[in-house]
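Residue numbers count from 1 along this sequence. Counting starts at 1 for both ligands and their atoms, in listed order.
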Amino acid sequence: MERFFEENPRPSVVEAGRRGMLKATQVGDVTEIKMGRSIDGETALYWVAAYLIGGILIDTGCDFSKKELADFLKGKQVSLIINTHHHEDHVGGNALLARQSGLGAMAHPKAIPLMNRKYDLYPFEVELWGYPEPSTATPIGTAVKEDGVSLRVIETPGHCRDHISLFEEERRILFSGDIWVGERPKTARVEEDVHQLISDLRKFEELRPKIMFASLGKVVSEPQQVIRRTRVYLEETRDEVRRLHSEGKSSEQILEELFGRESVLAEATQHQLSTKIFIESFLRDT
Ligand SMILES: [Zn+2]
């Protein structure tokens, strides 16, 4: 998908410096690697996460924290990267890790052409994550076995068409990527498909995970009920949106009635992430 890019993005924090932050925590067999962009070197503007299980690194964060990630992985046994999808906050370290350590990546076939080229980002994306260097990956199949770790690949295209989640069956560990970002989401991106998100969450419920690692750095133990509540909430919201729409209400009126007002994220993201998009996505065909 081609994206519109403003020619003169407003003066931004990009010029304030390119400092990444990284915090790693061991959670059972998984190393949680939280990364973010920092202006002062002490606090992060946000967190994104990569996870290391055995020799498999799941996602590589954003461009701002790629050096921190490469330094952190030095001396560790890493043999493969799997990217959950092509977004800039998930593939930012791929190219540097390939150069420095010869690390190869795997991703959904639809992600590969998007990772291979530099594409336009919105100013907010550049500010938060930076441009990822183009990188290569090989197409992932239905499962990956590496260094004694077996991961099942679950196609979950609700967030974007090339999104996959990963499931370690023996210990029932779910890596959910950007499919689950919180219990009651109120915003969506243009390329998100909420009907598909509901199906993706159903797939998660069927897996009966014992722990879920989500890509914003949220770790949820015994996530069954949380996933179910999110799915039910989305279904109820869908039914309400459809009911109000059938009464002739506009998406603005539905927004006001159900949520009171637009999310503050809408303006901050040049309206690429908003409650209006969330509502309108329920009105698209399934
Ligand atoms: Zn994403």
As a test of reading the structure, name the N/O/S atom of H85 that is nearest the Zn ion (ligand 1).
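Of all N, O or S atoms in H85, the Zn ion (ligand 1) lies closest to NE2.
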Atom of D178 closest to the Zn ion (ligand 1), considering N, O or S atoms:
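Of the nitrogen, oxygen and sulfur atoms in D178, the Zn ion (ligand 1) lies nearest to OD2.
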Do E206 and K203 sit within salt-bridge range, that is, some charged N less than 4.0 Å from a carboxylate O?
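Looking at K203 together with E206, the answer is no, because their closest N to O distance does not fall below 4.0 Å.
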Does a salt bridge link E235 with R202, judged by any charged N lying under 4.0 Å from a carboxylate O?
yes
Does K186 have more than 12 heavy atoms from other residues, nucleotides or ligands lying within 6.0 Å of its NZ?
yes
Between the side chains of H90 and D178, does any donor sit under 3.5 Å from an acceptor?
yes
Would you please say whether a donor-acceptor pair under 3.5 Å links the side chains of E183 and T230?
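On atom types as modelled, these side chains do not qualify, holding no pair under 3.5 Å.
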Give a yes or no on whether [X] keeps an N, O or S atom under 2.8 Å from the Zn ion (ligand 1).
X	result
H163	no
H90	no
D89	no
H87	yes

